[in-house]
Protein chains: 2
Amino acid sequence: MPTSRSYGDACGIARALDVVGERWALLVVRELLFGPQRFSDLRRGLPGASSNLVADRLRELTARGVVQRRKLAPPAGSWVYELTEWGRELDPVIVALGHWGLRVPLPEAPVTLGPVSVLLYLRTAGRPAPGDDSSVQIDFDGRVWTARTSGGQVRIEAGEAAGADAVLHTDPATLNALLEDPDGLDAALAGGSATVAGELAAVRRLIGSVAAASA
Amino acid sequence: MPTSRSYGDACGIARALDVVGERWALLVVRELLFGPQRFSDLRRGLPGASSNLVADRLRELTARGVVQRRKLAPPAGSWVYELTEWGRELDPVIVALGHWGLRVPLPEAPVTLGPVSVLLYLRTAGRPAPGDDSSVQIDFDGRVWTARTSGGQVRIEAGEAAGADAVLHTDPATLNALLEDPDGLDAALAGGSATVAGELAAVRRLIGSVAAASA
DNA sequence: CCGCATCCGTTTCGATACTG
DNA sequence: CAGTATCGAAACGGATGCGG
């Protein structure tokens, strides 16, 4: 008899790994943490995963109740994948795992860094001033998120913001570098790897909130 | 060589999974959460894993700095595996994952349940009264742990306790059932699936602390 | 016995190619 | 764009062997 893939263990940890322990599964969940994504956007966020792998994981996670498939309203009409309520409860688990993993040395080149990973880092590590209530739209090569600061926290949502104080256009690697060294912003703006429309001060406060927290 | 299996992603989550994302890896860490274990005891706690799998994971986790190998002082003289300081920091991650996994339906029979899993559940879910300061030694088929209650928490340590208030001798499945239904203790004692020496009241308080927390 | 290493059939992964 | 089909390479899982 071929052994089942299940660990056959009643422990909650093993049961969780029965569902999200397969290779790539938690990274698919990571990509969905900030909202629904289309298949091709998921692939862009997981460049190392082949298409059948992504399709397999989505099918399994959907069957297990972690992910659900939904059709966007017309005129878009395309299909998106999103976390279920239960799937969203993986958020603190994934954040805790990611914090632990920061001490792992970077893998050999070439190393990728997707939009979701950087925004997750911003949301987790950023500690804006409690009185800082602003919203910055972040454009990554055509895909758009919004970072809102309020109550000393950063919240990330997919899509454009109505009435954003600023729009930051850059790429994930540049933003990641700016989170670790906010003083690089002027050079990035001068060099064209980042552009800002609207209130530059709001962008400064946002990207400075990570370094401020570790200081 | 293992870089071919790496996700090649700079995100902390992916880097963590590069280290503990392989099959069985986190369950090996789970087994070590309460202290050093010998190879054969590890195998007993992971009945579904073949010996080479356990040896492989231990070697990888040791090479990555999550686990270390140590020789016990004479006269024992045998080797044990234990978590490094960094490895112990996986504790909250594993607990959070295990809590999430409680909602996964139990796998098909046969289902195992090891000592560490039950004790982890006791430590995570137990909320003893703040004034309850006692220690219960728990014997599982020759392997011994100690559960101490103090400050409204349960702490678990491997090995015997000096001056334990009671000794509970049972098996993991029985203890797990008792944590979910403490009223079954008298029946378990009468049926012989559990025996208690010393202060029975301390054992009652300990196993009742889980149900009390969920009430 | 304990602590692995080796062998081998089965399953999964990962890259490329292909279809609606 | 959104997946499926295919195939070689790796990893898994079980059994067995071997030195202390």
Side-chain angles (χ1 to χ4, degrees), chain A residues 1-9 14 17-18 20-28 31 36-63 67 69-72 74-82 107 110 112 142-143, chain B residues 1-9 14 17-18 20-28 31-32 36-63 67-72 74-82 107 110 112 142-143:
Chain A
M1 250 332 255
T3 43
S4 163
R5 271 305 267 186
S6 167
Y7 289 105
D9 190 323
L17 292 173
D18 279 343
V20 294
E22 306 267 329
R23 198 164 163 74
W24 292 105
L26 272 182
L27 295 184
V28 169
E31 288 300 305
Q37 299 260 24
R38 292 181 306 174
F39 186 86
S40 49
D41 288 331
L42 278 170
R43 287 215 60 193
R44 225 166 304 173
L46 302 166
S50 55
S51 56
N52 53 12
L53 244 295
V54 176
D56 284 353
R57 290 299 163 265
L58 286 171
R59 200 182 359 260
E60 293 161 10
L61 291 170
T62 302
V67 163
R69 201 170 177 243
R70 192 162 53 87
K71 188 165 57 189
L72 286 182
S78 60
W79 290 88
V80 290
Y81 295 89
E82 63 186 350
T112 70
R143 299 168 72 192
Chain B
M1 213 80 82
T3 44
S4 67
R5 278 288 274 190
S6 166
Y7 289 104
D9 190 325
L17 292 173
D18 278 342
V20 294
E22 305 270 326
R23 197 166 164 74
W24 292 105
L26 271 181
L27 295 184
V28 169
E31 288 300 305
L32 296 173
Q37 298 259 26
R38 292 180 305 173
F39 186 85
S40 49
D41 287 331
L42 277 170
R43 285 215 62 194
R44 224 166 302 174
L46 303 166
S50 57
S51 58
N52 52 17
L53 243 296
V54 176
D56 284 353
R57 288 300 162 265
L58 285 171
R59 196 176 321 107
E60 293 161 9
L61 291 170
T62 303
V67 164
Q68 60 197 20
R69 202 170 176 240
R70 190 162 54 87
K71 189 165 55 188
L72 287 181
S78 60
W79 290 87
V80 290
Y81 294 90
E82 64 185 351
T112 70
R143 299 167 72 191

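Letters go in sequence order (proteins before strands), and every chain restarts at 1.
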With a 4.0 Å cut-off on heavy atoms, is [X] in touch with a base, just the backbone sugar-phosphate, or nothing at all?
X     : result
B:R43 : nothing
B:N52 : base
A:R38 : sugar-phosphate
B:S51 : base

Picking from [options], which would you name as closest to the side chain of [X]?
X     : options               : answer
A:E22 : C:dG3, D:dG13, C:dT12 : C:dT12
A:R57 : D:dG13, C:dT12, D:dA2 : C:dT12
A:R69 : C:dG14, D:dG3, D:dG13 : D:dG3

Mind calculating the distance between [atom1] ([X]) and [atom2] ([N]) to the nearest angstrom?
X     : N      : atom1 : atom2 : value
B:F39 : D:dC18 : CZ    : P     : 18 Å
B:L53 : C:dG9  : CG    : P     : 18 Å
A:D56 : C:dG14 : CG    : P     : 11 Å
B:L58 : C:dG3  : CG    : P     : 11 Å
B:W24 : C:dT12 : CH2   : C1'   : 16 Å
A:R59 : D:dA5  : CZ    : C1'   : 12 Å

Check: Do B:Q37 and B:R44 have side-chain N/O donor and acceptor atoms under 3.5 Å apart?
Finding: no
Is the distance from OP1 or OP2 of [N] to the nearest side-chain N or O of [X] less than 4.0 Å?
X     : N      : answer
B:S50 : D:dG14 : no
A:W79 : D:dC1  : no
B:Y81 : C:dC2  : no

Check: Taking all atoms of both residues into account, what is the closest heavy-atom pair of B:S6 and A:P107, and its distance?
Finding: OG-CB, 3.4 Å
Notebook entry, point to check: Which atom pair, heavy atoms only, marks the closest approach of B:S51 to B:R43?
Noted result: CB-NH1, 3.3 Å
Check: For A:W24, does its backbone N or O pair with a side-chain atom of B:Y7 as donor and acceptor, under 3.5 Å?
Finding: yes
Tabulate below the donor-acceptor pairs under 3.5 Å that side-chain atoms of residues 54-63 of chain B make, not counting sequence neighbours, or state none.
{"unit_1": "B:D56", "atom_1": "OD1", "unit_2": "B:R59", "atom_2": "NH1", "d": "3.4"}
{"unit_1": "B:R57", "atom_1": "NE", "unit_2": "B:R23", "atom_2": "O", "d": "2.7"}
{"unit_1": "B:R57", "atom_1": "NH1", "unit_2": "B:E60", "atom_2": "OE1", "d": "3.0"}
{"unit_1": "B:R57", "atom_1": "NH1", "unit_2": "B:E60", "atom_2": "OE2", "d": "3.1"}
{"unit_1": "B:T62", "atom_1": "OG1", "unit_2": "B:L58", "atom_2": "O", "d": "2.5"}

